[in-house]
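Data first, discussion second: the structure below is written as structure tokens.
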Amino acid sequence: MNLIGEHTDYNDGFVLPAAIALCTWTAIAPRKDHELHVFSENLNETAELDLTETHPQPQHRWPDYVHGVALMLQRLAVPLAGANIFIASDIPSGAGLSSSAALEVSVASALLANSGHTLDLVEIAKLCQRAENEFVGARVGIMDQFACCFASADHAIMLDCRTLDFQRLPLPASLAMVVCNTMVKHGHAGGEYNKRRAQCEEGVALLRRYFPSIKALRDVTLAQLQAHRDELPELIYRRCHHASSENERVLRCATALQAGDLATVGHCMAESHLSLKNDYQVSCRELDVMVEIAAGVDGVVGSRMTGGGFGGSTINLVRTAAIEEFRHSVAKEYKLATQIAPDIYVSKAGPGSTEVAASVSAS
């Protein structure tokens, strides 16, 4: 879950994610052949994947995430063994809560353990991102996979997506993260997410005429962008404006969080949502309604949409004493406004990927 820094990771920018108390579990056992037999408890479906297939193609279904991770491990010369794999998750898909990244990191960790091989966490995050970029077909950034690997209890991660330098920032004990699922689903592999990335890249190409050293929107200040606004198509300017301003907001929010300045944290979150709504155009009516309702509840520090957009969830920082009133008010008012009952999750920041059961031998 991302506190702030949306659509900045693939622009080499800054993000501030944390893990929530929802999980994807992968159980694995070796096979004697070179196949992966994968069962999804949530979907009650099985897939069989051939590790010796020369030119596998995505099928545009959930097994692509597993297959993509296996392929990226093989490209790193990891000698994968066949396996029976059982996957279960309580993370809602399409809710902006990184369900695909959780699946990728969980499966990668299990495949490595099954093959008696290890990789450092940075390499795992990178290969999982490549699986989604190169096989699944969604041009996501590194944030979700990195957070799944490096998250820590009671902390957020201030991550530089260019260098992958990061700092764990403690979250106030007086606050809880409350995720409100609008129940409107998005799909990253659909065209809109990839369009936004292409529009940012177009902006970089145009701005490079004036600033030859820039490599990504991370390198463009708001002043530079404003100075050349007339040279950019209006749509491209708005996309660039979001990325540049969001990077500044992440830095401001991280500084405020460390200083205990919760008012500024809240302002940054509100500004972020408006930018995602107006400049990046990835919000929707349901997300806007949810944020508007939350803003009127006592005890709310900040609220914004989180995730790729086009539906999904909002993230809310709420004082612990106000959680029950918040849940009641948001559920009631959102249902009245949309005729949809939301799912609401209350969580403290949790850890990233861990092994929860060691292998055992049959007696």
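Any value given below was found using the heavy atoms of this structure, including those in side chains, with hydrogens, waters and symmetry copies removed.
Placement of Val301 and Met158 within a single hydrophobic cluster is found when ILVMFWY residues are connected by side-chain heavy-atom separations under 4.5 Å, directly or transitively. Hydrophobic clustering places Val282 together with Val140 (ILVMFWY residues linked when any side-chain heavy atoms are closer than 4.5 Å, directly or through intermediates). Neither Ile214 nor Leu251 shares a network with the other; the hydrophobic side chains, linked directly or stepwise wherever heavy atoms of I, L, V, M, F, W or Y lie under 4.5 Å apart, form separate groups for each. When hydrophobic clusters are built by joining Ile, Leu, Val, Met, Phe, Trp and Tyr residues whose side-chain heavy atoms come closer than 4.5 Å, directly or via intermediates, Tyr65 is not grouped with Phe39.
Tested against Leu127 for a side chain to side chain contact (heavy atoms under 4.5 Å, CB included), the candidates Val78, Val105, Val69 yield a single pass: Val69. The only member of Ile315, Ile91, Asn2, Asn181 that meets side chain to side chain contact (heavy atoms under 4.5 Å, CB included) when paired with Leu97 is Ile91. Residue Leu36 is tested with Asn84, Ile85, Leu80 for a side chain to side chain contact (heavy atoms under 4.5 Å, CB included); the sole match is Ile85.
Under 4.0 Å is where a charged nitrogen must lie from a carboxylate oxygen, and between Arg130 and Glu123 at least one such pair does. Salt-bridge check for Arg162 with Asp160: failed, with every basic side-chain N at 4.0 Å or more from each acidic carboxylate O. With respect to the salt-bridge test (charged N to carboxylate O, under 4.0 angstrom), the residues Arg249 and Glu246 qualify. Between Arg239 and Glu202, no side-chain nitrogen of the basic residue sits less than 4.0 Å from a carboxylate oxygen of the acidic one, so the salt-bridge criterion is not met. In this structure, Arg218 does not pair ionically with Asp9, as no charged nitrogen and carboxylate oxygen lie closer than 4.0 Å. In this structure, Arg197 pairs ionically with Glu201, as a charged nitrogen and a carboxylate oxygen lie closer than 4.0 Å. Between Arg139 and Glu132 there is no salt bridge, since no side-chain nitrogen of the basic residue lies less than 4.0 Å from a carboxylate oxygen of the acidic one.
There is no side-chain donor-acceptor pair under 3.5 Å between Ser275 and Glu271. Looking at Asp288 and Ser283, their side chains do bring a donor and an acceptor atom within 3.5 Å of each other. If you check the side chains of Thr52 and Asp50, you find a donor sitting under 3.5 Å from an acceptor. Donor-acceptor pairing under 3.5 Å is lacking for the side chains of Asn278 and His242. With 3.5 Å as the limit, one finds a donor-acceptor pair spanning the side chains of His37 and Glu35. A side-chain donor-acceptor contact under 3.5 Å links Tyr237 and Gln226.
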Given the rule in the side chain to side chain donor-acceptor pair (under 3.5 Å) test, do Asn316 and Thr314 qualify, once you have shown the distances and angles that lead to the verdict?
-> CA-CA 6 Å; Asn316 307 269; Thr314 66; 3.1 Å; yes
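Considering every non-hydrogen atom in both Ala18 and Met177, the closest pair reads CB-SD, 4.1 Å. Closest heavy-atom contact between Arg304 and Gly5: NH2-N, 4.2 Å. Across Thr264 and Arg252, no two heavy atoms sit closer than the pair CG2-CG, 4.1 Å. Scanning both residues, Cys180 and Val330, for their nearest heavy atoms gives SG-CG1, 4.0 Å. Pairing each heavy atom of Thr24 with each of Ser89, the nearest pair is OG1-OG, 2.9 Å. Between Glu45 and Trp62, the shortest heavy-atom contact is OE1-NE1, 2.8 Å.
Arg238 is not listed as a side-chain neighbour of Gln199, based on a closest heavy-atom distance of 4.5 Å or more. Looking only at side-chain heavy atoms (C-beta outward), Leu119 and Leu76 come within less than 4.5 Å of each other. Inter-residue side-chain proximity for Thr320 and Leu175 is flagged as unmet; no heavy-atom pair is nearer than 4.5 Å.
For Arg319, the side-chain hydrogen bond (donor to acceptor under 3.5 Å, both in side chains) test picks out no residue, with sequence neighbours left out. For Phe135, the ring-ring contact (aromatic ring centres under 6.0 Å, His included) test picks out His67, with sequence neighbours left out. Not counting sequence neighbours, Asn11 has no partner by the side-chain hydrogen bond (donor to acceptor under 3.5 Å, both in side chains) test.
Distance CD/Gln258 to CG/Leu169: 5.0 Å, rounded to 0.5 Å. Here the CH2 atom belonging to Trp25 is positioned 10.0 Å from the OG atom belonging to Ser106, to the nearest 0.5 angstrom.
With hydrogens and angles disregarded, no donor-acceptor distance shorter than 3.5 Å links the side chain of Asn44 to the backbone of Glu41. Using a distance-only test at 3.5 Å, with no hydrogens or angles considered, a donor-acceptor pair links the side chain of Thr8 to the main chain of Phe14.
Surrounding NE2 of His228 are more than 12 heavy atoms belonging to other residues, nucleotides or ligands, all under 6.0 Å away.
Taking the six-membered ring where tryptophan is involved, the planes of Phe166 and Phe150 are tilted, since the angle between them lies from 30° to 60°.
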